[in-house]
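These values consider heavy atoms only, across backbone and side chains, with no hydrogens, waters or symmetry-generated copies. Quick note on labels: first sequence line is chain A, next is B, and so on, each numbered from 1.
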There are 2 protein chains.
Amino acid sequence: MPRAATTTDVFNAVAEPRRRDIIALLSNGQEWPVNDVVVRLQLAQPAVSKHLGVLRKVGVVTVVKRGQHRMYKLEAANLKPVHDWAKTFEHLWTNQISRIKERAEQKAMERIVRENQPRPKNQK
Amino acid sequence: MPRAATTTDVFNAVAEPRRRDIIALLSNGQEWPVNDVVVRLQLAQPAVSKHLGVLRKVGVVTVVKRGQHRMYKLEAANLKPVHDWAKTFEHLWTNQISRIKERAEQKAMERIVRENQPRPKNQK
DNA sequence: GACATATATTCCTATATAGGAATATATAAG
DNA sequence: CTTATATATTCCTATATAGGAATATATGTC
C-alpha cells in the first residue's frame with residue numbers, strides 16, 4: 001500500500017521542504033513568476049513547476065497567466081488547517097515552558113537567599 | 001529519487017493522518033499502552049506499532065516499558081516546529097479575515113443608514 | 001515565419017511505505 | 001516449565017514521487 005499522495009491534503013504537500021521554501025518565498029505578498037522562484041531557490045525549472053503543481057492542486061497557491069508568464073500567488077488561508085492542528089497542542093508545550101521558568105526562578109531565589117546568608121565565623 | 005522518509009522530520013511524520021490521530025489520542029496527557037490505541041482507533045496492532053515507531057524516531061512520542069506493556073507518551077514540544085512554521089503565515093489569513101469583517105460591518109452600517117432615511121413622501 | 005523565451009509535462013528510475021500476513025521477542029501467570 | 005498476552009519486527013506488495021533529462025506547449029519579438 002502506497003503512501004498518501006502529496007496532493008492528498010496540505011499536510012502531505014508541505015511535508016516536502018522545498019515546497020515549504022516556495023511557500024515562504026511567496027509569503028511576501030507578491031505574485032511570483034516561475035523563473036524568479038527558480039533563480040531564488042536555485043532549483044531546476046521543471047522541479048519548480050512540479051512543486052507548484054502540487055501546491056496548486058491542494059489550493060495553497062493560485063496561478064495567473066500573464067502572456068508567457070505564469071504568476072503564482074500564495075493562498076495562505078489554506079495553510080490554516082496545519083496551524084489549527086498544531087495549535088491544538090500548543091497549551092502542552094506552553095505549560096511546559098512555564099514550568100521550566102518557574103523552576104528556574106525558584107532556583108534563582110534559593111541562590112539569592114543562600115548568598116545573603118550570614119557567613120559562619122571562622123572557627124580558627 | 002524517492003520521497004523523503006517519514007522519519008526525516010516532524011512534517012513528514014505527521015503527514016500521515018493515522019499518525020495525527022495517534023497524536024491526538026496521546027494528547028490527553030496520559031500514557032497509553034499500545035493495545036488501547038489499537039482498540040480506540042480500530043487499527044491493527046502491527047500498524048499501530050509501526051506508526052508509533054515513526055513517531056518515536058522523530059521524537060514526538062516516548063516509550064516506557066512496564067512489564068509486558070509499552071506505555072507511550074506524547075512529547076508535544078516536538079510538534080512546535082510545525083506550529084511555528086504555520087504561524088509564520090497566520091498574519092496573512094488573519095488580515096484577510098479582518099478585511100472581510102470590515103467590509104461586512106461597512107455594509108451593515110450603510111444598510112442601517114438607508115433604513116433610517118426618511119421615506120420620500122408620496123407624490124400622490 | 002523564424003527564432004527566443006517561459007513553463008508545463010512526459011519518460012525514467014531508485015526508493016520508501018502502509019497495511020496484510022506472519023513471526024519473533026518479551027513479560028506475566030499458574 | 002507451559003501457556004497466555006503484549007508488542008515489536010520481518011516479509012511482501014503495489015504505489016507514488018523528486019529530480020534528471022528530454023520534450024511539448026504557449027507566448028513574445030523581429
Write down the distance between OH (A:Tyr72) and C1' (C:dT7), rounded to a whole number of angstrom. 8 Å
Just jot down the salt bridge (Lys or Arg N to Asp or Glu O under 4.0 Å) partners of A:Asp84, sequence neighbours excluded, or say none. A:Lys80
Would you tell me if any nitrogen or oxygen in the side chain of A:His69 comes within less than 4.0 Å of OP1 or OP2 on D:dT27? no
Nearest-Å distance for atom pair CD/P, residues A:Gln45 and D:dA22: 15 Å
Expressed in angstrom and rounded to an integer, what is the separation of B:Leu41 atom CG from D:dT7 atom C1'? 16 Å
Which whole-number value in Å describes the distance from A:Asp36 CG to C:dT5 P? 16 Å
Strictly by salt bridge (charged side-chain N to carboxylate O under 4.0 Å, His left out), give each pair with a member in residues 14-32 of chain B just once, sequence neighbours left out. A:Asp9-B:Arg20, B:Glu16-B:Arg18, B:Glu31-B:Arg66
For A:Trp85, check ring pair (Phe, Tyr, Trp, His ring centres under 6.0 Å) against everything at least two apart and list the hits. A:Phe11, A:Phe89
Value in whole Å for how far the C1' atom of D:dA4 lies from CG of B:Asn35: 14 Å
Pairing residues for A:Lys73 by the salt bridge (Lys or Arg N to Asp or Glu O under 4.0 Å) criterion, not counting sequence neighbours: none
Using the salt bridge (Lys or Arg N to Asp or Glu O under 4.0 Å) criterion, which residues pair with B:Asp36? Sequence neighbours excluded. none
Measuring from the side chain of A:Pro46 (C-beta onward, heavy atoms only), which nucleotide among D:dA26, C:dT9, D:dT7 has the closest atom? C:dT9
Can you list every salt bridge (charged side-chain N to carboxylate O under 4.0 Å, His left out) pair that touches residues 41-60 of chain B, not counting sequence neighbours? none
Results of ring pair (Phe, Tyr, Trp, His ring centres under 6.0 Å) for B:His83 - residues two or more places apart only: A:His83, A:Trp93
Pairwise N/O distances under 3.5 Å, protein to nucleotides 28-30 of chain D:
from, atom 1, to, atom 2, distance (Å)
D:dG28, O4', A:Gln68, OE1, 2.6

Rounded to the nearest 0.5 Å, how far apart are CD1 of B:Ile22 and CG of B:Leu55? 6.0 Å
Polar atoms only, N or O, under 3.5 Å: list the protein pairs with nucleotides 15-19 of chain D and their distances.
from, atom 1, to, atom 2, distance (Å)
D:dT17, OP1, A:Thr6, N, 2.5
D:dT17, OP1, A:Thr6, OG1, 2.9
D:dT17, O2, B:Met1, O, 3.3
D:dA18, OP2, A:Arg19, NH1, 3.2
D:dA18, N3, B:Met1, N, 3.0
D:dA18, N3, B:Met1, O, 2.5
D:dG19, OP1, A:Arg18, NE, 2.9
D:dG19, OP2, A:His51, NE2, 2.7
D:dG19, N7, A:Lys50, NZ, 2.8
D:dG19, O6, A:Lys50, NZ, 3.4

